[in-house]
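In what follows, residues are counted from 1 in the order of the sequence shown.
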Amino acid sequence: MVVWGQGNSTTGAPFDMRHDIGGTVQDQHAQHSFGAPQIQPLDIFGMIRVLWHGKWVVMLATLFMTLLAGYYVFRIAAPQYVATAIVQLDQINEDARLPDVTTTQELSLNTVVAQVTSDVVLARSVASLDLLNDPEFNRYLIPANTFGLANLRTTLRHRIAGTQEPIRDDAYVLDKTVQNLRGALRTVRQKDTYMLQISARSGDPAKAATLANSAATAFLEHIETMQEQTRAEAQHWLETRVSALRLQLETEELAIAALIATAQIQEDSVIDRLSADVLATDQQLGSARTTLAVMEQSPDSGTARKRAEIAQLQTTINDLTALKNRLSAQLSAQSAGLAQLHQIQLQADTTRQLYQEFLGRLQENKMQQSLQTPHARSFAPAGEGQYIGPRKILILTIAAMLGAAMGVVLAAVMHCTRRGVIDAKGLRDATGLPVVAQLSQRVLRPMRKGKRSFPLPPQAPLKQAMQGLHTALSLVSRGASVQTILCTSSIRNEGASKQALALTHTLASAGKTVVLIGANSQNTVLRAAIDRHIFQHAQTHWPTVTALAHDSGLGADVVIIGKGQDQVGSLLTDQMSDVFATLQRTYDHIIIDGPPVLLAPEAPLFAQHADAILYTVQWSKTPLDLVMRGLEALKDNGSPATGLVLSKVNPRKMRQLSTDPCIGAIGTAQIA
């Protein structure tokens with residue numbers, strides 16, 4: 001197969017493409033030589049070629065994201081400043097006996113950090129700075145836009161959750177202001193230290209410093225208030241406890257005095273002596289009873305003297321018994337009273353010790369109140385806020401990287417989803433038809449001038465390409481007469497009409513008698529290339545084909561099949577054959593600018609009267625499935641296409657995208 005190409009801008013020569021056919025046979029042989037398809041290695045250079053082909057997409061995506069980020073950074077985003085105040089907490093002795101706010105425990109320090117942004121502290125700052133009248137924190141001062149994004153988002157959220165907008169009373173506004181202030185503050189405790197960093201963020205550097213200092217001051221005031229409240233509560237508790245203990249001690253001492261007075265409780269020595277008397281009396285009583293028993297058992301117990309002694313001894317025993325009972329009762333009373341007295345004295349001693357201890361703590365607390373200093377007294381105020389954002393360079397860099405990544409993905413997606421034909425080899429392998437010509441965009445550019453495109457200069461690249469096209473078509477036809485040539489395509493705007501016009505002009509310039517049949521009067525390319533009066537005159541000669549209109553620029557006669565005529569009667573009858581027989585006797589060549597095969601049902605009718613059919617495919621645009629459908633339609637009609645023309649080729653991109661390794665070496669020569 002010979003395909004006409006342009007080796008340089010001035011001369012052209014046919015190039016032998018038979019190596020492509022041989023390559024196809026070798027590929028088929030290789031496919032049958034192996035049972036299973038081989039896994040292709042990762043084509044790094046192919047990936048680079050894809051990225052290089054999509055470099056403009058990557059650059060545009062990068063530029064777009066960078067401009068978008070730049071607009072946000074320089075136009076939308078407000079500058080932010082941060083100021084930091086430092087508060088030093090005094091270390092508290094762990095052995096302190098009074099309750100204190102801050103301790104050396106980690107949890108207690110974290111609690112202190114949390115107190116900086118508590119509602120109580122922030123409410124103090126809101127009141128001191130009058131933030132309720134500041135639109136930055138009280139956003140309800142700004143009139144709400146009904147169609148604003150924030151309002152729409154809030155409305156949508158309430159609709160989804162089934163809630164309603166709360167009543168905006170003073171408490172609600174204050175709570176929202178406190179929340180907004182909390183969002184602008186940040187408290188950090190330096191590790192293993194008692195230093196608190198209170199940072200405030202705002203769009204005004206001076207305002208940021210004011211917020212930080214106000215928050216620190218409010219925090220210190222809150223700490224001092226809590227310490228004073230704690231000391232006052234401790235003082236009140238100690239005073240109450242001392243008073244209660246003093247009354248209890250007085251009551252117990254009075255009870256001791258009353259017990260001693262009423263029970264006549266003696267000392268312990270008296271109790272011991274009384275106990276000895278009871279024991280002696282008991283011994284005497286036992287001796288008397290023994291003596292009485294002896295006397296009663298004696299032989300002379302019946303005498304008067306013995307009876308008198310026995311009676312006297314019984315009286316003595318009765319006296320001793322009475323004395324013992326009296327002494328025992330006295331000893332029991334004294335022992336019980338003494339035990340009660342000891343218990344009361346013990347309670348009184350305990351109460352006295354507690355009273356003395358709490359009284360000492362009360363005096364100590366009173367002395368400390370005059371010497372006590374707040375535990376959070378060291379305060380380094382914040383200076384003017386420092387700029388922290390937006391970080392323009394970082395945002396622009398990230399946006400550029402994101403845009404580049406999006407561009408790479410988009411380029412890969414475009415490459416993977418490309419459905420058009422990108423090289424002649426792929427088109428030939430898919431259709432089995434030879435590609436007789438490849439027409440570049442630069443070659444077809446003169447056709448944009450319309451009727452001023454003709455006549456073409458003798459050395460015009462387009463004319464040379466058409467000469468090569470006609471030569472290649474003759475070779476493909478294997479010597480058969482090629483008089484009637486149909487130029488068609490799958491869909492519109494693929495370049496078939498430009499090809500038909502250029503081929504007509506080229507053959508006419510070679511001294512041939514040529515007639516151009518425009519099968520579609522609505523074709524804008526034909527209307528632009530042919531004079532308006534000639535175009536209207538050409539529509540009146542179908543199907544009589546007598547006294548045809550002649551276009552001097554084109555150098556050929558023209559016949560236009562108008563839509564207003566009875567095309568069904570003229571195209572579906574035997575008159576079509578008579579018309580073409582007459583034209584073939586009159587002209588050397590008949591060029592038919594046929595309608596698209598997939599859009600016009602009459603296209604196969606023209607194919608039946610053509611000696612050769614040139615099927616035009618737009619490079620990288622026309623999907624291959626449409627090409628196959630159009631070729632199958634012609635084949636089913638009994639008029640298969642003779643050859644293919646790859647039109648509107650971009651040679652540079654074709655070399656980048658082509659999978660044929662030979663394209664890099666001879667691709668420029670193949671493309672006219």
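- Judged by distance alone, the side chain of Asp593 and the main-chain N or O of Ile517 form no donor-acceptor pair under 3.5 Å.
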- Task: Could you check Leu507 against His470 for side-chain contact (heavy atoms from CB on, under 4.5 Å), going step by step and ending with a plain yes or no?
- Result: CA-CA 9 Å; Leu507 294 177; His470 186 263; 3.7 Å; yes
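- Checked by atom type and distance alone, the side chain of Thr642 pairs as donor or acceptor with a backbone atom of Ile613 at under 3.5 Å.
- Shown here is Met47, whose CE atom has no more than 12 heavy atoms of other residues, nucleotides or ligands within 6.0 Å.
- Nearest heavy atoms, Ala424 versus Gln438: CB-NE2, 3.4 Å.
- Distance OG1/Thr66 to CE/Met59: 11.0 Å, rounded to 0.5 Å.
- A salt bridge links Asp429 with Lys425: the closest approach of a Lys/Arg side-chain nitrogen to an acidic carboxylate oxygen falls below 4.0 angstrom.
- By the 4.5 Å heavy-atom criterion applied to side chains, Ser647 and Gln499 are not counted as neighbours.
- The backbone N or O of Val515 lies less than 3.5 Å from no partner atom in the side chain of Asp557, so there is not a single donor-acceptor pair.
- Here the shortest heavy-atom pairing between Pro595 and Ala600 reads CB-CB, 3.5 Å.
- For Lys621, there are no salt bridge (charged side-chain N to carboxylate O under 4.0 Å, His left out) partners two or more places apart in sequence or in a different chain.
- With contacts defined as side-chain heavy-atom distances shorter than 4.5 Å, the pair Leu501/Lys498 does not qualify.
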- Message: Does Thr622 form a side-chain hydrogen bond (donor to acceptor under 3.5 Å, both in side chains) with Glu494? I'd like the steps, not just the answer.
- Response: CA-CA 8 Å; Thr622 307; Glu494 294 194 67; 2.4 Å; yes
- Quick one: do Gln467 and Thr506 satisfy side-chain hydrogen bond (donor to acceptor under 3.5 Å, both in side chains)? Show the steps, please. CA-CA 7 Å; Gln467 292 173 357; Thr506 301; over 6 Å; no
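- Side chain of Tyr387 to backbone of Pro390: a donor-acceptor contact under 3.5 angstrom is found.
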- side-chain contact (heavy atoms from CB on, under 4.5 Å) between Leu626 and Arg629, worked out: CA-CA 5 Å; Leu626 295 184; Arg629 285 170 54 188; 3.5 Å; yes
- Query: How far apart are the C-alpha atoms of Gln608 and Asn637, what are their side-chain angles, what is the distance that settles it, and do they pass the side-chain hydrogen bond (donor to acceptor under 3.5 Å, both in side chains) test?
  - Reply: CA-CA 8 Å; Gln608 292 178 356; Asn637 191 54; 3.2 Å; yes
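- Interatomic distance, OH of Tyr587 versus OG1 of Thr484, reported as 12.5 Å (0.5 Å rounding).
- Classification of the Phe454-His505 ring pair by plane angle, with boundaries at 30° and 60°, yields tilted.
- With contacts defined as side-chain heavy-atom distances shorter than 4.5 Å, the pair Leu444/Leu462 qualifies.
- Applying the 6.0 Å contact sphere to CZ of Arg452 captures no more than 12 heavy atoms from other residues, nucleotides or ligands.
- With rounding to the nearest 0.5 angstrom, the CG atom of Leu402 is 9.0 Å from the CD1 atom of Ile398.
- Put simply, NE2 on His609 and CZ on Phe580 are 6.0 Å apart, with the number rounded to the nearest 0.5 Å.
- Side chain of Arg442 to backbone of Pro651: no donor-acceptor contact under 3.5 angstrom is found.
- By the 4.5 Å heavy-atom criterion applied to side chains, Tyr615 and Thr431 are not counted as neighbours.
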- Message: If you apply the rule side-chain contact (heavy atoms from CB on, under 4.5 Å), what do you find for Val514 with Asp588, and how did you get there?
- Response: CA-CA 6 Å; Val514 186; Asp588 296 329; 5.8 Å; no
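- Ala641 and Leu631 make their closest contact through CB-CD2, 3.7 Å (heavy atoms, listed as atom of the first residue, atom of the second, distance).
- Residues Val482 and Ala612 approach most closely at CG1-CB, 3.8 Å, considering heavy atoms.
- Put simply, the side chain of Thr163 never gets that close to the backbone of Arg159: no donor and acceptor are under 3.5 Å apart.
- Expressed to the nearest 0.5 Å, how far CD1 of Ile592 lies from CD1 of Ile485 amounts to 9.5 Å.
- Shortest non-hydrogen contact noted between Leu624 and Ala430 is CD2-CB, 3.6 Å.
- The shortest distance between side-chain heavy atoms of Gln441 and Val649 does not fall below 4.5 Å.
- Around the OH atom of Tyr140, the shell of radius 6.0 Å holds more than 12 heavy atoms that belong to other residues, nucleotides or ligands.
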- Task: Report the C-alpha distance between Phe606 and Thr488 in whole Å, list the side-chain angles of each, state the deciding distance to 0.1 Å, and finish with yes or no for side-chain contact (heavy atoms from CB on, under 4.5 Å).
- Result: CA-CA 10 Å; Phe606 291 100; Thr488 186; over 6 Å; no
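- Counting heavy atoms from C-beta outward, Lys463 and Met466 have side chains that stay 4.5 Å or more apart.
- In the displayed structure, Ile44 atom CD1 is contacted under 6.0 Å by more than 12 heavy atoms of other residues, nucleotides or ligands.
- A 4.5 Å side-chain heavy-atom check between Phe74 and Lys392 finds at least one atom pair inside the cut-off.
- For the pair Leu473 and Leu614, the minimum side-chain heavy-atom distance is below 4.5 Å.
- No side-chain donor-acceptor contact under 3.5 Å links Trp619 to the backbone of Lys648.
- Heavy-atom minimum distance, Ala465 versus Leu439: CB-CD2, 4.0 Å.
- From Leu516, atom CG reaches atom OG1 of Thr504 across 4.5 Å, with rounding to the nearest 0.5 Å.
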